[in-house]
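Take a look at the structure below.
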Amino acid sequence: MKVLKFGGTSVGSAERLQNLVKIINDGQKKIIVLSAISGTTNKLSEISNLVKKNDITQAMSKAIELESLYLDISKKLLKTDEFINKAVNFIKNIFTEINNHIQLNFSNEIKNVILSKGELLSTNLFHFLLQEHKIENIIIPALSFMKTCKNYEPDLEYIKENLNNEIKNLKNSNLYITQGFICLNDEGAISNLGRGGSDYSASLIAEALQTDEVEIWTDIDGFHNNDPRFVDDTFVIKKLSFEEAAELAYFGAKILHPASIRPCQRSNINVRLKNTLNPSAYGTIISKEYVNTGIKAVAAKDNITIIKIKSTHMLMAHGFLMKIFAVFAHFKTSIDMIATSEVSVSVTIDNFTYLNEIVHELKSFSSVKINNNQSIICVVGDFRSDQKGVVNKIFTTLQEIPIRMISYGGNKFNISLCVDSIYKTSTLQYLNNLVIDEFNRTNNLITCNNEK
Ligand code: ADP
Ligand code: ASP
Ligand code: MG
């Protein structure tokens with residue numbers, strides 16, 4: 001069994017959904033994980049924000065707009081009255097539920113129910129399309145097996161047991177379809193795995209079923225060496241190791257959800273990135289194999305805050321770091337980067353939910369300064385300690401950029417820098433030029449410069 005995940009653009013219109021039929025209909029057993037049609041989760045999120053502001057009229061009118069978009073798509077997608085009627089009824093039921101929720105008092109539960117409708121719509125429309133083509137397929141509701149624990153981490157045992165049971169109890173089929181992104185939380189309420197979470201759903205499913213491979217189908221030919229939205233002349237990297245891909249995804253490479261590599265890494269399941277708009281392109285394969293090509297790729301994560309904590313004592317007393325970490329642990333806020341000096345420590349965070357509380361606690365034993373609007377730039381490559389000169393190359397390349405923090409030596413694949421976000425694009429571009437030089441120097445075989 002294989003897992004294939006198709007993202008928002010891949011299911012983004014009637015034509016795109018029809019195109020998927022060609023990609024998946026090869027007679028091999030597979031489980032297909034779908035995102036919502038592109039733009040839908042954003043619209044659902046806008047609706048729920050309007051509910052939060054108690055602007056019920058606007059929320060209703062946005063929902064009507066979205067409903068009519070779906071009615072149009074279903075009429076373009078399906079050919080027969082039988083299936084058009086099925087789809088129209090399904091869409092109307094979904095939007096009746098959305099409208100009912102719009103009229104309730106706002107809560108996180110209401111928001112999550114509204115957000116869950118996008119994946120329910122795309123999977124059911126695709127199910128009807130396949131049925132109309134007489135291709136047997138079965139929907140496995142994600143809410144019957146995908147679940148998180150109290151700490152918001154996936155409940156791996158529950159997922160494994162329930163997904164395997166679902167498949168055992170359902171009629172045998174070559175094609176199963178399920179929703180990405182959505183799950184139940186520890187209290188059994190509808191929740192989700194975070195924005196872009198369908199990648200994570202796919203890799204958790206692959207792990208639960210111990211499949212050979214996961215294919216992540218998206219709108220680009222594979223993992224690029226740098227963010228193509230901000231940098232010119234990026235190119236596809238054919239091979240990445242789990243560690244490299246996980247670092248890049250965690251530090252902002254939007255092509256993969258930050259946590260999506262870990263389940264595959266744990267279970268040694270290869271991840272293949274493919275382009276729905278260009279299926280014959282090789283893409284990227286992410287596996288345990290490590291190919292050494294010097295400095296390989298760069299990613300950036302925005303909305304970072306630096307917290308500079310200065311001990312009120314002259315020298316850094318032992319236990320100072322422990323006291324700082326205890327504050328962040330208490331407020332369940334993870335630290336991405338850390339730099340220490342004799343009496344001060346700088347850390348970065350990207351979750352501000354408890355920033356005020358954290359600062360308040362820290363101030364009881366130190367002085368605190370905050371810098372918002374920072375970006376972490378993550379450079380992935382071969383940074384083993386015997387690789388002389390590689391760090392020098394990075395900093396020479398970035399001599400025009402004021403760097404706020406540096407993290408080196410945490411592992412041998414990554415150097416992270418923190419810069420003010422106004423320097424993000426130029427930092428990425430400088431580093432891209434360096435990566436291109438490195439690739440030319442090492443004459444590597446893992447890129448496809450002609451594919452974009
Ligand atoms: P999907 O809807 O299929 O999940 P996403 O929009 O989440 O697709 O991810 C694909 C997009 O990620 C690409 O179109 C590209 O703009 C962006 N992206 C950012 N960094 C990279 C990178 N290093 N390599 C490839 N794409 C990247
Ligand atoms: N539909 C969700 C989102 O837009 C999940 C996903 O696309 O992966 O975030
Ligand atoms: Mg995505």
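Order of appearance sets the numbers: ligands from 1, and atoms from 1 within every ligand.
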[X] side chain to [Y] side chain, donor-acceptor N/O pair below 3.5 angstrom:
X    : Y    : value
N414 : S416 : yes
S267 : Q210 : yes
N225 : N432 : yes

- Message: Under 6.0 Å between ring centres: does that hold for Y158 and F145?
- Response: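 Between F145 and Y158, which both carry aromatic rings, the centre distance is not below 6.0 Å.
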- Message: On a heavy-atom basis, which atom in L77 and which in A14 lie closest, and how many Å separate them?
- Response: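 Minimum heavy-atom contact is CD1-O, 3.6 Å.
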Check whether more than 12 heavy atoms from other residues, nucleotides or ligands sit under 6.0 Å from atom [atom1] of [X], and answer yes or no.
X    : atom1 : value
F106 : CZ    : yes
N169 : CG    : yes
K30  : NZ    : yes

Give a table of atom pairs where an N or O of ligand 1 lies under 3.5 Å from a protein N or O.
unit_1: ligand 1; atom_1: 2 (O); unit_2: G8; atom_2: N; d: 3.1
unit_1: ligand 1; atom_1: 3 (O); unit_2: T218; atom_2: OG1; d: 2.8
unit_1: ligand 1; atom_1: 4 (O); unit_2: K5; atom_2: NZ; d: 3.1
unit_1: ligand 1; atom_1: 6 (O); unit_2: K254; atom_2: NZ; d: 2.5
unit_1: ligand 1; atom_1: 8 (O); unit_2: T218; atom_2: OG1; d: 3.1
unit_1: ligand 1; atom_1: 14 (O); unit_2: D219; atom_2: OD1; d: 2.8
unit_1: ligand 1; atom_1: 14 (O); unit_2: D219; atom_2: OD2; d: 3.4
unit_1: ligand 1; atom_1: 23 (N); unit_2: H224; atom_2: O; d: 3.1
unit_1: ligand 1; atom_1: 24 (N); unit_2: H224; atom_2: N; d: 2.8

- Any cation-pi pair here, K301 with Y250, using under 6.0 Å and within 45°?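 Yes, K301 lies over the aromatic ring of Y250.
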- Name the residues in contact with ligand 2, where contact means a heavy atom under 4.0 Å away: which are they? S35, A36, T41, E119, F181, R195, G196, G197, S198
